[in-house]
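Chain letters run A, B, ... following the sequence lines, proteins first, then strands; residues in each count from 1.
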There are 2 protein chains.
Amino acid sequence: MAKSNAALIKSRLSAAHEDYLKAIYILGAQGAPVTNSALAEFLGVSPASATNMVKKLDELGLVEYEKYREILLNDSGRRVALEVLRHHRLLELYLHEQLNLTWDQVHDEAERLEHVMSDVLEDAITAALGDPTHDPHGDPIPTKDGRIAPVEGMPLSQAEPRQAYRLVRVLVQDAKRLTYLGSMGLYPNATVILSKRSPFDGPLLIEVNDEPQALDYRLARQILVAPAA
Amino acid sequence: MAKSNAALIKSRLSAAHEDYLKAIYILGAQGAPVTNSALAEFLGVSPASATNMVKKLDELGLVEYEKYREILLNDSGRRVALEVLRHHRLLELYLHEQLNLTWDQVHDEAERLEHVMSDVLEDAITAALGDPTHDPHGDPIPTKDGRIAPVEGMPLSQAEPRQAYRLVRVLVQDAKRLTYLGSMGLYPNATVILSKRSPFDGPLLIEVNDEPQALDYRLARQILVAPAA
DNA sequence: CGTTACTTTTAGCCATGGCAAAATTTTAAC
DNA sequence: GTTAAAATTTTGCCATGGCTAAAAGTAACG
């Protein structure tokens, strides 16, 4: 019942609705409370616009929301958000693996395609990729039934010096920064060693696949690593 | 100058604008004059909506239009229309060849994807397919610089009896009818012989790849064939 | 020609999803 | 507690792209 109801709702959702739900999910996953202004800033719209849309999402039964309070996804809303996120990350991986787009090109493309992808296409892409679990940035791909792997890894900025780590995830989205990181070999599965920290949150000296590199502290906080095993 | 102007215009076009331009092109290619009501019927909107949008396209410099007269694409409009048509047919072919969608599934999917496809993706798909000339229905794919192969073939309904023909194009778009035609083997490149006509525009008796089949006259008019060699 | 039938446009409405500016509520500081 | 600052919502506006109903233009026939 809840399922068919949600299916009915879903078929009437616009790309804007989906973008808001996805944004609420992503902001929520970052820990901080999801306020209308945080949402507005994330989406690049005015706070007034966010308030308006969140009220609509509440009426559609997709979020829990009371004036001046934080926004929470309910089960229906979370399912939609995870489905859009699944589309996004499947597309990113597909575009990268099968169509040879670079990892800095895939985000923007997926951002537009994710809203117009049928179930048939989702399944076809899943099959072509062999039911993958992570996209080219190391972000976990939600499963079709709405489960998602927990966050793994720690920021490279907090790594132990002289230990070998495996790069597991890059949270950076900006295309130019991704190009730059790629040029240093900082892709998922790269082997990274933190050689030396600089004081005052200065750059890190690291080794990427045995090549020495300097890395800005703020970028290092957006790169997640795990002990190399 | 005209080119960069058009590029600026293009970046502001909505999916609706693109759909109208594509529809004007397709209707125009069918020979009949493109009136606002024909356009409205083709797109499934009211005549008033079509009038409205055509006025906007005129203001954008994409069509030549005067009240109560037929609508003509100008060079800018035709270029946009052919680009959208190129996207559509490239996508149909890609979805069919690389992702194994059936030929009755690809039209609706391409209809949505065609409006959100970047140049980078267009080029990647073109490269993956080896710069193809026709989609799975035999429709010619416009080139990137806006040229399109002329209509080839004659309706199967007008074929010479007992002659071998090659099926070159299927104008049917409806998914159910396509499924049905596919079940008879009526794909592009099939060998077709018209065995016998029935009077009063009745069904045709045909042979498809040496299998006898009955075919409705109206469908036969939407199947184009060329002499087999 | 003039009248009628048909096509096309205009006028006025609706929903969506933006915005800025004004009003309100919450939070934080005293 | 009171009050000032900050965050949030309300109000009223805009553009887009639909719609229906009414008005106007075109065409065809007697």
Side-chain angles (χ1 to χ4, degrees), chain A residues 8-24 27-28 30 32-73 77 80-81 84 111-112 114-116, chain B residues 8-24 27-28 32-72 77 80-81 84 111-112 114-116:
Chain A
L8 284 174
I9 289 170
K10 186 195 134 192
S11 67
R12 309 197 165 279
L13 293 184
S14 68
H17 288 141
E18 294 183 350
D19 279 334
Y20 273 89
L21 291 170
K22 190 178 62 157
I24 295 166
L27 288 173
Q30 286 173 11
V34 183
T35 64
N36 266 330
S37 49
L39 190 52
E41 194 191 339
F42 185 87
L43 289 169
V45 299
S46 71
S49 300
T51 299
N52 250 313
M53 183 59 92
V54 169
K55 281 202 290 188
K56 286 181 198 165
L57 293 175
D58 184 38
E59 280 158 23
L60 286 170
L62 295 163
V63 302
E64 304 300 328
Y65 169 64
E66 279 170 64
K67 280 199 213 176
Y68 300 103
R69 302 263 157 262
E70 82 178 289
I71 304 148
L72 295 173
L73 287 177
V80 174
V84 178
E111 199 71 23
R112 287 174 281 111
E114 64 189 9
H115 303 295
V116 296
Chain B
L8 284 175
I9 288 171
K10 187 193 134 192
S11 68
R12 309 197 166 279
L13 293 185
S14 68
H17 288 142
E18 295 184 348
D19 279 333
Y20 273 89
L21 291 170
K22 189 177 65 159
I24 294 167
L27 288 173
V34 183
T35 64
N36 267 329
S37 49
L39 190 52
E41 193 191 339
F42 185 86
L43 288 169
V45 300
S46 71
S49 298
T51 299
N52 251 313
M53 183 59 92
V54 168
K55 280 201 290 189
K56 286 181 198 163
L57 294 175
D58 185 38
E59 280 158 23
L60 286 170
L62 295 163
V63 303
E64 304 301 327
Y65 168 65
E66 280 170 64
K67 279 198 214 178
Y68 301 103
R69 302 260 157 265
E70 81 178 291
I71 305 147
L72 295 173
V80 174
V84 177
E111 199 71 24
R112 286 173 285 110
E114 64 188 9
H115 304 296
V116 296

Query raised in the report: Rounded to whole angstroms, how far apart are CG on A/Leu60 and C1' on C/dT16?
Result: 12 Å

**Report entry** Spacing between A/Glu41 atom CD and D/dA7 atom C1', to the nearest angstrom
**Finding:** 13 Å

Query - Atom-to-atom span, NE2 of A/His115 to P of C/dT16 - whole angstrom - result: 18 Å

Query - Nearest-nucleotide 5' precedence on DNA chain C, B/Glu66 against A/Lys56 - result: B/Glu66

Query raised in the report: How far apart are the closest heavy atoms of B/Leu13 and B/Leu60, and which atoms are they?
Result: CD2-CD1, 4.0 Å

Query - Whole-Å distance separating the CD atom of B/Glu70 from the C1' atom of C/dT7 - result: 15 Å

**Report entry** Exceeds 12 heavy-atom contacts within 6.0 angstrom, atom CD of B/Glu41
**Finding:** no

Query raised in the report: Would you say a side-chain N or O of A/His17 is under 4.0 Å from OP1 or OP2 of C/dG17?
Result: yes

Report task. Examine C/dG17: is either OP1 or OP2 under 4.0 Å from a nitrogen or oxygen in the side chain of A/Ser14? Give yes or no. Result -> yes

Query raised in the report: Quick check: does any side chain N or O of B/His115 sit under 3.5 Å from a backbone N or O of B/Arg112, one acting as donor and the other as acceptor?
Result: no

**Report entry** Nearest heavy-atom neighbours spanning B/Val63 and B/Ile71
**Finding:** CB-CG2, 4.1 Å

Query raised in the report: How close or far is atom C1' of D/dA15 from atom NZ of B/Lys55, stated in whole angstroms?
Result: 15 Å

Report summary line: Under a 4.0 Å heavy-atom criterion, the protein footprint on nucleotides 18-29 of chain D, written with B, S and -, is SBB----SS---

Query raised in the report: Rounded to whole angstroms, how far apart are CG on A/Leu39 and P on D/dA7?
Result: 16 Å

Report task. Verify, without hydrogens or angle tests, whether B/Ser49 (side chain) and B/Val45 (backbone) share a donor-acceptor contact under 3.5 angstrom. Result -> no

Requested in this report: Applying salt bridge (Lys or Arg N to Asp or Glu O under 4.0 Å), name anything that partners B/Glu111, two or more places apart in sequence or on another chain.
Outcome: B/Lys22

